[in-house]
J.: 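Let me give you the structure first, and then I'll get to my questions.
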There are 4 protein chains.
Amino acid sequence: MAVSPFDSAMLAGLHGDPEIGALFTDAAEIRAMLRFEAALARAQAGLGMIPARAAEEISAAAETVTLDPESLAAGTARDGIVAPALVAAFRAALPPEGARWLHWGATSQDVIDTALVLRLRDALAMLEARIDAILTALGQAAAAHRMTVMAARTRGQIATPTTLGARIAVWGAPLLRQRERLAEMRPRIMVVSLAGASGTLSAMGERGLEVVAALARELGLGDPGLPWHAARDGMAELAGWLSMLCGALGKMGRDLMLSAQSELREVRAGQGGGSSTMPHKSNPVGPETLVALARLASRLVGLQHEAMLHEQERDGTALALEWHAVPQLCMAAGAATRHALALAGSIEADPARMMRSIADTNGLMLAEAATFALAAHMPRPEAQALVKAACAEALASGRDLARMLAERTGAPVDWAALFDPAAHVGAAPLIADRFVSALAAARG
Amino acid sequence: MAVSPFDSAMLAGLHGDPEIGALFTDAAEIRAMLRFEAALARAQAGLGMIPARAAEEISAAAETVTLDPESLAAGTARDGIVAPALVAAFRAALPPEGARWLHWGATSQDVIDTALVLRLRDALAMLEARIDAILTALGQAAAAHRMTVMAARTRGQIATPTTLGARIAVWGAPLLRQRERLAEMRPRIMVVSLAGASGTLSAMGERGLEVVAALARELGLGDPGLPWHAARDGMAELAGWLSMLCGALGKMGRDLMLSAQSELREVRAGQGGGSSTMPHKSNPVGPETLVALARLASRLVGLQHEAMLHEQERDGTALALEWHAVPQLCMAAGAATRHALALAGSIEADPARMMRSIADTNGLMLAEAATFALAAHMPRPEAQALVKAACAEALASGRDLARMLAERTGAPVDWAALFDPAAHVGAAPLIADRFVSALAAARG
Amino acid sequence: MAVSPFDSAMLAGLHGDPEIGALFTDAAEIRAMLRFEAALARAQAGLGMIPARAAEEISAAAETVTLDPESLAAGTARDGIVAPALVAAFRAALPPEGARWLHWGATSQDVIDTALVLRLRDALAMLEARIDAILTALGQAAAAHRMTVMAARTRGQIATPTTLGARIAVWGAPLLRQRERLAEMRPRIMVVSLAGASGTLSAMGERGLEVVAALARELGLGDPGLPWHAARDGMAELAGWLSMLCGALGKMGRDLMLSAQSELREVRAGQGGGSSTMPHKSNPVGPETLVALARLASRLVGLQHEAMLHEQERDGTALALEWHAVPQLCMAAGAATRHALALAGSIEADPARMMRSIADTNGLMLAEAATFALAAHMPRPEAQALVKAACAEALASGRDLARMLAERTGAPVDWAALFDPAAHVGAAPLIADRFVSALAAARG
Amino acid sequence: MAVSPFDSAMLAGLHGDPEIGALFTDAAEIRAMLRFEAALARAQAGLGMIPARAAEEISAAAETVTLDPESLAAGTARDGIVAPALVAAFRAALPPEGARWLHWGATSQDVIDTALVLRLRDALAMLEARIDAILTALGQAAAAHRMTVMAARTRGQIATPTTLGARIAVWGAPLLRQRERLAEMRPRIMVVSLAGASGTLSAMGERGLEVVAALARELGLGDPGLPWHAARDGMAELAGWLSMLCGALGKMGRDLMLSAQSELREVRAGQGGGSSTMPHKSNPVGPETLVALARLASRLVGLQHEAMLHEQERDGTALALEWHAVPQLCMAAGAATRHALALAGSIEADPARMMRSIADTNGLMLAEAATFALAAHMPRPEAQALVKAACAEALASGRDLARMLAERTGAPVDWAALFDPAAHVGAAPLIADRFVSALAAARG
């Protein structure tokens with residue numbers, strides 16, 4: 001089925017992501033749950049709590065058994081959670097010793113939470129690699145365009161000149177911080193979940209906390225120290241990170257959409273969607289998708305935050321909200337990084353169009369600079385009045401401010417040099433350079 | 001894939017809905033899009049704009065051709081929208097005349113919007129039928145329990161007595177209003193979309209608006225009068241209606257969850273999810289699901305409202321947000337009505353547990369009534385002071401207020417009658433009756 | 001204080017609305033609560049349930065007494081709701097008979113809900129009047145610009161020609177539907193709330209339901225029939241209507257923002273925010289504000305929908321969510337209608353800029369029309385090939401398509417007439433006319 | 001005015017927070033903006049960019065001048081942002097030299113962003129101190145109740161025993177992580193904003209980046225390295241942190257609400273809101289407020305995430321969304337920590353009620369333990385069958401499982417010891433201890 005665009009074969013190239021998507025199939029979840037059961041058995045056998053043979057049987061079968069997702073549907077509907085049906089089906093496929101000790105002392109949420117974390121580990125590794133690749137591409141583009149002069153736009157209006165490199169640096173800076181945040185977040189969320197029916201590990205006797213540690217070693221995950229069945233801040237932090245990633249890329253997408261407007265065409269990235277009947281169109285499909293995914297993610301992040309209101313020791317409602325938030329946020333981040341990488345690696349500037357936009361302002365964007373220049377040769381109020389009058393006329397007539405000022409005053413100002421936009425980009429190239437340096441530093 | 005629980009085979013019995021789900025598969029969308037193309041061709045042929053033969057070819061093929069969703073993925077990724085690839089693939093399957101006149105003067109969003117409306121028509125019919133069935137079940141339960149006395153709870157605290165029938169009436173009242181809202185909303189949203197590339201129908205010459213009307217007749221939908229490519233209030237209203245439906249059912253679910261708590265067990269509905277190791281548990285799976293779906297829907301409704309910010313004549317970003325909102329809202333409403341129907345039809349009260357909760361308050365819930373009764377036999381301030389002192393002692397000692405008052409005053413009050421909870425249900429049975437009557441009236 | 005921009009004196013002209021804001025002050029809420037108490041007393045006196053003198057005292061004092069909001073803060077903090085402190089303070093200001101019968105049989109939520117509805121009545125009347133005024137302005141603009149030719153933009157790209165009048169019609173159509181929705185919604189939400197402590201009116205004996213009806217008559221509101229303490233669909237519907245209003249106006253705002261870009265400057269509305277140092281800038285403050293308010297509203301609507309999960313007979317948490325949603329949604333709608341009215345009444349088109357944007361596409365937007373025209377004089381495939389080749393060259397060279405086609409073919413096509421954008425606006429002027437007619441019809 | 005409950009004098013004790021609230025008044029914003037201007041002038045004077053006298057005049061006046069928020073309203077409405085009006089008003093209050101060099105090279109958003117950060121610094125310090133105080137109180141309660149046996153509840157159902165200390169540890173663990181996150185986040189967001197009109201610092205010539213560093217030193221904030229006018233991930237991270245804080249406290253609140261239900265009354269914290277007519281009620285006002293604030297925060301976090309879609313160099317719409325999100329999130333966190341501290345410091349357990357809930361399950365919660373015990377004396381399947389049959393009868397009859405098992409088997413099991421709930425709390429006390437240790441370790 002395809003109620004969600006993330007699950008649609010038809011929309012796979014648009015909102016999908018094959019790598020991330022593969023982690024969030026029913027089959028992948030089942031596989032991860034079996035890995036949990038195998039690791040739990042090995043951990044318990046290692047502590048002498050269950051027979052080694054049981055652990056061997058469970059481990060072996062976990063690699064080979066195939067459980068059909070549909071066959072678990074009835075049980076899941078009855079229990080409100082997939083784990084009991086899965087454990088029963090797996091048990092039925094096991095030899096007696098393994099069957100007897102399977103899932104020993106664990107509860108449904110233990111297996112579900114840990115199976116999620118195992119897949120999130122892979123998802124985060126994929127996303128991190130893509131962020132790095134996007135940063136590399138943006139770094140190259142920022143360096144290449146450190147002095148590519150273009151009009152800055154504030155509130156949709158042409159302001160004063162900047163460079164494309166500086167704009168790209170602003171796109172990249174949040175991604176550098178996302179790398180930092182990821183490194184900080186990982187130890188908090190890459191942890192096993194094992195707490196038993198009531199969060200006390202009581203079915204494992206006195207050695208429950210040892211089993212947690214051993215399970216963590218088996219799976220290469222951390223020991224949470226305290227149970228997190230009902231403490232979902234880690235998932236909320238993850239959701240926030242994913243949504244911020246989408247947001248950072250969405251900002252780049254939005255800027256690319258605006259740049260791609262027919263009237264601007266200043267920056268081009270990605271393949272524009274064509275139209276047979278309207279050959280002048282080049283729909284900014286990738287940028288649009290980035291924006292849509294960011295807006296969607298900004299809805300899902302709140303859903304996951306609200307799921308922190310997890311009642312008492314375990315809460316079926318709050319847990320179900322996570323099912324709707326976390327995988328979709330991973331997919332949104334997956335699709336977004338996929339599109340962003342294609343865009344970041346294909347940024348092309350059209351300097352002529354950039355200069356045209358600047359020229360269309362008739363020099364008015366540099367009115368303040370003209371006042372400064374004139375103030376060196378006459379009293380400031382006089383300079384201001386002169387420029388103001390010339391601006392008014394330039395606005396009305398559409399004539400060039402520089403030319404009008406040259407006509408109106410004999411002040412020895414090099415008007416051509418003054419009105420060269422490149423002279424007014426301020427720290428823009430340095431900002432591009434700083435980004436490139438910060439990126440190199442982050443890479444160590 | 002199953003990034004969304006709505007698309008998971010494993011969770012199908014929980015968050016899924018086979019009927020609604022069948023409307024939102026890739027295949028169903030393709031089928032609906034083909035229906036649009038066929039109807040458009042017939043409408044245009046009827047007006048003499050395209051050859052009758054073309055319309056016949058298109059109509060015939062639309063019934064029989066099968067297009068593989070995956071085969072449309074590459075084109076969709078390129079264009080950001082599925083329609084161009086679909087039209088191309090359909091055209092390739094048509095004889096020359098049909099191929100030539102297919103999709104004549106229409107734009108991608110025309111086919112996508114109308115194909116959505118066609119499926120929404122079916123979804124709304126299904127949901128309406130289920131609302132009616134839920135109302136029937138609630139009406140029967142309200143009638144049956146019009147005098148089933150239970151403690152009302154305000155802010156989680158036992159207040160004074162009510163009846164289960166009155167509570168059920170409060171569950172049902174919003175559903176009655178949802179029926180009204182549906183009837184009002186339908187003509188606004190059950191309309192075709194046909195406006196052409198720029199919303200002006202320009203490719204159809206002077207007769208564009210006639211084609212819209214003819215297309216509407218072909219499909220049994222309304223004529224929107226004005227194009228709605230970029231006026232998405234109808235979809236926002238729909239989203240609101242779906243979310244309100246989930247919210248109304250979620251309130252019932254929440255109440256059932258609270259009633260199902262081990263310490264209450266006053267009302268039981270549906271099959272509780274069992275636990276082999278904890279035989280006393282009966283997890284309220286259906287009620288939990290209702291609450292989860294309502295919270296999810298309350299997120300998606302805002303996403304759809306935001307999609308009203310549809311830029312200029314058509315907006316790829318805003319449209320993509322709808323893909324994430326509308327089908328999922330329909331599924332949420334589908335799963336919610338499915339669960340709610342099962343619950344509403346199996347409401348069982350446990351009057352003994354209800355009376356136990358009331359009894360546990362030691363009569364304190366009727367302190368005010370005691371004051372009134374005593375005030376008939378002594379000055380009001382004296383009555384108030386007497387009751388207040390007795391209450392304090394009842395709270396501290398856990399003894400029964402009625403007994404203590406009887407000991408402390410010789411006033412000729414029939415304490416047993418006064419402290420009968422059934423005497424204090426006020427209009428509760430009349431409220432149940434009113435709901436039953438309103439339901440009958442709504443049915444005509 | 002001014003934690004919310006809606007309460008900031010500094011931002012009053014931006015996000016504020018003096019009329020709507022006046023309804024949602026502490027003082028206005030207190031005044032409305034006193035009106036409820038007065039009307040309740042009169043209703044009960046009319047039914048002989050309380051002494052006429054008590055009702056007179058309460059009614060009289062409700063008009064004159066002034067209660068300081070801060071003096072109610074401690075009680076509100078203790079009770080979690082303002083009503084008990086308010087009733088106590090009002091009682092202290094009453095003569096004995098009035099004091100004795102004040103708030104007879106009512107509960108806190110009765111007074112709070114009804115006091116909200118009283119103010120919502122005023123808010124809806126204000127908003128309706130403004131919608132009508134906006135529609136009038138849009139109707140005039142649509143009529144004036146029914147043939148003002150401009151480029152339609154789809155997905156940020158120039159598509160084919162439309163007219164400004166058609167675009168304005170698309171802005172206005174949702175407002176026409178909002179009028180309909182308001183008329184339908186009003187009877188559902190313009191109702192009193194009176195249900196007593198447990199929603200059963202038990203403290204009023206057998207005549208509780210009569211009091212509800214009498215109270216409704218006193219206040220000129222409807223009788224809800226069934227209690228709605230815990231059935232909040234009405235508030236959710238209201239929230240949806242307010243958010244849809246913001247969304248409809250936000251769409252207009254977004255289009256105006258895009259039109260106001262330095263590179264477009266096609267449509268101007270409202271006073272642009274100036275910049276002393278950048279005289280060419282004209283920040284689209286009003287349009288920006290419309291977009292921001294629409295996005296905000298799309299968040300609050302979901303909060304209110306979620307508040308439908310009102311637990312049991314009354315729920316302090318769900319009610320508190322409404323305090324954060326409903327007044328802010330009213331203010332968002334208030335500020336949005338205020339800005340929209342100013343904008344709609346000052347729409348100015350710049351036809352020269354509009355034609356320049358069209359001209360900049362070098363005729364490519366009419367490639368399809370050229371193919372049709374040539375197909376009358378040569379085989380269609382040949383015509384297509386010819387136009388395609390000319391388009392490719394036009395894109396590469398920046399030369400005009402019409403001129404190139406004229407050079408390449410002797411076909412007797414009137415190229416100048418064909419490439420006149422006005423010849424390709426399709427039904428755009430009719431769409432503008434339809435909007436004007438629909439508006440007239442709606443006005444009766 | 002009081003459109004928002006955060007600004008209501010009446011609701012100040014409920015949703016307000018006097019300390020945090022004082023940071024988000026119009027007056028506090030003005031004060032912080034003046035501090036920015038003073039620090040900027042000193043930084044520029046220190047670099048020799050403006051005369052020392054100008055800096056002195058600006059610094060001196062920034063401490064003493066008082067600007068009326070209302071006087072800035074008209075300018076703010078015109079410009080869409082408060083800074084121009086503020087700068088103009090401040091300039092009018094300055095001597096000529098200061099007036100001339102005020103706001104030199106800065107743009108509106110520089111002053112607004114930095115003024116926000118200055119106040120966020122104070123807000124975060126307050127919140128951190130409160131988190132620490134809440135943790136101290138929770139640590140004491142966890143230690144005191146490490147062996148206070150109570151029923152764990154999963155999905156609203158009594159599961160097996162735990163201890164109150166373990167539950168409290170789960171409340172506290174996210175707060176420990178919030179401390180970590182705060183330490184990590186601070187350097188990213190406690191930075192000045194200074195980038196000039198187009199984000200290039202162009203008006204300050206070549207030394208712009210030096211001014212940023214000097215300004216940061218003046219204000220005791222960090223240097224962002226790259227401009228963040230349009231890179232709002234820091235604000236999104238902050239919003240997430242605030243919302244997670246509300247969520248963590250909301251979970252505690254929700255548990256306390258459920259524990260406060262009339263039928264449970266197991267844990268009491270804070271002063272319950274009383275009812276004169278229903279003396280048995282004790283409304284959990286503080287816990288309810290925590291839940292409401294968490295749900296609200298989970299809406300605002302998404303709004304702020306979406307504001308990352310900041311267009312081009314500066315975006316008036318995205319910025320306005322922050323005004324609605326950040327201060328309210330701070331207030332939500334402020335009110336939540338205020339309530340949580342009062343609750344955490346007054347946790348009282350009622351062990352008798354806790355044991356009553358456990359006893360009401362008739363021993364069924366320990367069915368699994370009984371099976372284990374019997375399996376030591378008979379084949380496991382036989383033990384399972386025996387316990388299962390006894391459970392069924394216990395459920396039906398309401399008799400005690402231990403007693404029935406003792407009657408049905410002669411196996412030498414110490415049934416009284418086995419059915420002692422304290423024997424089944426597993427690692428619960430160790431979990432409480434771990435929390436206490438982790439808290440001590442975090443404190444260093």
Side-chain angles (χ1 to χ4, degrees), chain A residues 1-16 21-22 24-26 29-30 69-70 72-74 76-82 84 197 257 271 273-278 283-285 288-289 291-292 295-296 299-300 302-303 306 316-318 320-321 323-324 327-328 330-331, chain B residues 1-16 21-22 24-26 29-30 69-70 72-74 76-82 84 197 257 271 273-278 283-285 288-289 291-292 295-296 299-300 302-303 306 316-318 320-321 323-324 327-328 330-331:
Chain A
M1 245 195 284
V3 172
S4 161
F6 290 137
D7 291 314
S8 162
M10 209 155 67
L11 299 176
L14 206 57
H15 288 221
F24 294 103
T25 62
D26 285 344
E29 179 167 14
I30 291 170
E70 287 186 37
L72 305 177
T76 303
R78 182 191 60 232
D79 302 325
I81 198 165
V82 74
M257 280 178 70
Q271 294 282 355
S275 164
S276 59
T277 59
M278 295 187 283
N283 293 324
V285 175
E288 283 176 351
T289 306
V291 175
R295 295 210 195 281
L296 173 67
R299 300 285 165 171
L300 296 173
L303 186 66
E306 188 169 32
T317 295
L321 295 183
W323 304 339
H324 285 275
Q328 293 197 54
C330 288
M331 271 299 266
Chain B
M1 243 196 285
V3 171
S4 161
F6 290 136
D7 291 314
S8 161
M10 209 155 68
L11 300 177
L14 207 56
H15 288 222
F24 294 103
T25 62
D26 285 343
E29 181 168 10
I30 290 170
E70 287 186 36
L72 305 177
T76 304
R78 182 191 60 232
D79 302 324
I81 198 164
V82 74
M257 279 179 71
Q271 294 282 353
S275 163
S276 58
T277 59
M278 296 188 283
N283 293 324
V285 174
E288 282 175 350
T289 305
V291 175
R295 294 211 195 280
L296 173 66
R299 300 284 166 172
L300 296 173
L303 186 66
E306 188 169 32
T317 296
L321 295 182
W323 304 340
H324 285 275
Q328 293 197 55
C330 288
M331 271 299 267

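Just so it is clear, the model here is predicted, and its values are computed rather than measured. Here is the naming used below: chain letters follow the sequence lines, and residue numbers restart at 1 for every chain.
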J.: What is the distance from atom OG1 of A/Thr317 to atom CZ of B/Arg295, rounded to the nearest 0.5 Å?
T.: 7.5 Å

J.: Measure up the B/His324 and A/His15 rings against each other and bin them: parallel (under 30°), tilted (30 to 60°), perpendicular (over 60°).
T.: parallel

J.: Side chain, backbone, both or neither: which part of B/Val291 has a non-hydrogen atom closer than 4.5 Å to chain A?
T.: both

J.: Heavy-atom pairs under 4.5 Å with chain A - which of B/Leu72, B/Leu303, B/Thr76, B/Leu321 has more of them than the others?
T.: B/Leu303

J.: If you measure from CD on A/Gln328 to CG on A/Leu300, what distance do you get to the nearest 0.5 Å?
T.: 5.5 Å

J.: Are the side chains of B/Pro5 and B/Leu14 in touch, meaning some heavy atoms are under 4.5 Å apart?
T.: no

J.: A/Arg299, A/Glu288, A/Glu306: which one forms the most heavy-atom pairs within less than 4.5 Å of chain B?
T.: A/Arg299

J.: Select, from B/Ala318, B/Pro84, B/Pro69, B/Pro327, the one with the greatest count of heavy-atom pairs under 4.5 Å involving chain A.
T.: B/Pro69

